[in-house]
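Letters go in sequence order (proteins before strands), and every chain restarts at 1.
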2 protein chains.
Amino acid sequence: MDIKTKLISAAESLFDRHGFTATGMDRLTQAAGMSSRTLYKHAGSKHSLIAKVLSERDKRFLRRLDVSSVDALFKALEDWVRVEGCRGCLFLRAYGETGGDVPEIAEVMAAHKAGVWNKIQEIVALETSGRGDEQLAEQILILFEGATATAIYRGADAVTTARHCAVRLVKQASS
Amino acid sequence: MDIKTKLISAAESLFDRHGFTATGMDRLTQAAGMSSRTLYKHAGSKHSLIAKVLSERDKRFLRRLDVSSVDALFKALEDWVRVEGCRGCLFLRAYGETGGDVPEIAEVMAAHKAGVWNKIQEIVALETSGRGDEQLAEQILILFEGATATAIYRGADAVTTARHCAVRLVKQASS
DNA sequence: GACAATGTAAAATGATCGTTTTACATTGAA
DNA sequence: TTCAATGTAAAACGATCATTTTACATTGTC
């Protein structure tokens with residue numbers, strides 16, 4: 001595995017498991033199996049490393065959301081939380097831990113959320129033949145965020161419940 | 001104002017604004033206007049202070065949710081985010097920042113979520129004359145969490161959208 | 001075979017972390 | 001008036017923070 005990939009994937013799991021601020025650079029270097037000199041050559045800084053981790057996660061996440069129905073969208077989220085665990089949205093967590101004060105991080109968060117929002121709008125338009133309005137899409141988005149958050153303490157079943165709800169809303173808008 | 005109250009309210013706004021781990025004890029003592037000796041006499045430790053802050057917030061939040069309809073429930077949440085700001089659920093943020101590894105914090109989070117869940121179940125049962133099942137209540141809970149999370153980057157309007165959706169779901173179950 | 005790049009290991013940087021301690025002032029009740 | 005409680009101010013604690021530096025080994029390439 002490429003050294004940069006190894007660093008980013010090690011950092012991602014540590015950040016996800018223990019939080020961003022609580023994870024120190026020495027733990028990062030140890031987990032990634034490299035010297036701090038090499039880490040800084042590739043990452044630049046801790047904030048930059050966080051941004052890179054989020055950027056990679058964004059790609060991986062959106063790749064999973066490459067579907068064309070609301071039902072499939074929530075099934076994809078269900079798969080995600082079963083594989084990657086349900087510790088909440090890592091983008092919002094990073095944003096919250098840094099108080100929204102780190103531009104690099106705030107920007108990746110905003111870009112990620114814009115990506116998800118676009119995907120949902122696209123799917124809703126597709127499934128309702130354009131009859132679905134922006135309000136419906138925002139309701140789906142809220143269910144999506146809600147499922148992610150609720151799964152933290154109620155488990156992956158919350159995503160299934162959200163899926164049933166979302167599918168029903170879209171059906172009602174299409175009929 | 002009581003010294004303990006002053007400490008907890010100063011701590012709450014700093015934690016909310018800058019994050020838990022990122023907020024140091026010196027900044028806390030400065031904002032609360034007291035020496036670190038006094039702070040530790042009242043709080044015991046930082047983790048304990050976080051737990052106390054969350055515990056007080058839990059009471060204040062649930063007091064606001066003393067309503068008897070889903071519409072009023074989401075209107076209460078709307079008021080909350082307009083007054084207190086929308087930086088996401090502070091309980092889930094604390095839980096995430098500590099990796100769920102601090103029992104004091106994990107317990108307050110769980111207790112808070114149980115309280116919200118009970119309240120929602122109560123309201124749903126009331127509004128549907130017992131016709132609403134557990135699934136409906138969980139859908140309302142997911143919309144509630146989703147509104148809180150989405151409001152971080154889309155503003156308080158997300159709560160209004162969630163309210164419309166929740167009211168519709170309850171109406172459909174009651175008819 | 002020299003050179004630039006890329007890596008490791010480990011020490012040093014100065015700042016900040018959470019927490020405790022030392023020394024002293026104020027207060028209210030016995 | 002003395003005692004215990006409660007507060008402040010400030011220094012000290014050892015640990016850890018993110019980051020840089022020093023010294024050295026291993027490469028692939030011209």
Side-chain angles (χ1 to χ4, degrees), chain A residues 1-55 93-106 108, chain B residues 1-55 93-106 108:
Chain A
M1 183 165 28
D2 175 51
I3 197 173
K4 205 161 187 171
T5 311
K6 194 175 165 192
L7 165 61
I8 288 181
S9 98
E12 182 177 4
S13 63
L14 279 178
F15 287 150
D16 186 44
R17 176 64 185 81
H18 301 288
F20 295 89
T21 317
T23 301
M25 297 307 273
D26 50 346
R27 226 187 323 175
L28 252 350
T29 59
Q30 191 182 336
M34 67 184 62
S35 65
S36 66
R37 197 182 206 277
T38 306
L39 189 152
Y40 272 92
K41 175 152 282 186
H42 285 91
S45 70
K46 191 183 184 182
H47 283 156
S48 176
L49 176 60
I50 294 175
K52 284 183 217 300
V53 162
L54 293 179
S55 200
R93 287 173 59 195
Y95 184 79
E97 280 205 36
T98 55
D101 294 325
V102 182
E104 301 175 81
I105 295 172
V108 185
Chain B
M1 183 165 27
D2 175 51
I3 198 172
K4 206 161 185 171
T5 312
K6 194 175 165 192
L7 166 60
I8 288 182
S9 97
E12 181 177 4
S13 62
L14 279 178
F15 287 152
D16 185 44
R17 175 64 184 81
H18 302 287
F20 295 89
T21 318
T23 301
M25 298 306 273
D26 50 347
R27 217 171 350 161
L28 253 348
T29 60
Q30 191 182 334
M34 67 184 63
S35 65
S36 67
R37 197 183 206 275
T38 306
L39 189 152
Y40 273 92
K41 176 153 281 186
H42 285 92
S45 69
K46 190 183 185 184
H47 283 155
S48 176
L49 176 60
I50 293 175
K52 284 184 217 301
V53 163
L54 293 179
S55 201
R93 287 173 59 196
Y95 184 79
E97 280 205 36
T98 54
D101 293 324
V102 181
E104 301 176 79
I105 295 173
V108 185

Between P of dG7(D) and NZ of Lys6(B), the distance in whole Å: 12 Å

Interface residues of residues 33-46 of chain B with DNA chain C (non-hydrogen, below 4.0 angstrom): Ser36(B), Arg37(B), Tyr40(B), Ser45(B), Lys46(B)

Rounded distance (Å) that lies between atom P of dG18(C) and atom CZ of Arg27(B): 11 Å

Side-chain H-bond candidate by donor/acceptor type, Ser45(B) with Ser48(B), under 3.5 Å: no

Nearest-0.5 Å distance, NE2 of residue His18(A) to OG1 of residue Thr21(B): 13.0 Å

Within residues 14-26 of chain B, residues whose heavy atoms come under 4.0 Å of DNA chain C: Thr23(B), Gly24(B), Met25(B), Asp26(B)

Nearest non-hydrogen partners of Leu49(B) and Ala43(B), listed with the distance: CB-CB, 3.9 Å

His42(A)/Ile8(A) under side chain to side chain contact (heavy atoms under 4.5 Å, CB included): CA gap, chis, key distance, verdict: CA-CA 10 Å; His42(A) 285 91; Ile8(A) 288 181; over 6 Å; no

Inter-residue atom distance Lys52(B).NZ - Glu104(B).CD, 0.5 Å rounding: 8.0 Å

Gap between atom CE of Met25(B) and atom NZ of Lys46(B) - 0.5 Å precision: 7.0 Å

Evaluation steps, side chain to side chain contact (heavy atoms under 4.5 Å, CB included), between Ile3(A) and Leu7(A): CA-CA 6 Å; Ile3(A) 197 173; Leu7(A) 165 61; 6.0 Å; no

Distance in Å, Ile50(A) CD1 paired with Ile105(A) CD1, rounded so as to fall on 0.5 Å steps: 4.0 Å

Atom-pair distance (NE2 on His47(A); P on dA18(D)), nearest Å: 9 Å

Whole angstrom value for the distance that separates P of dA18(D) from CG of Leu28(A): 8 Å

Gln30(B) CD to dA10(D) C1', straight-line distance once rounded to whole Å: 15 Å

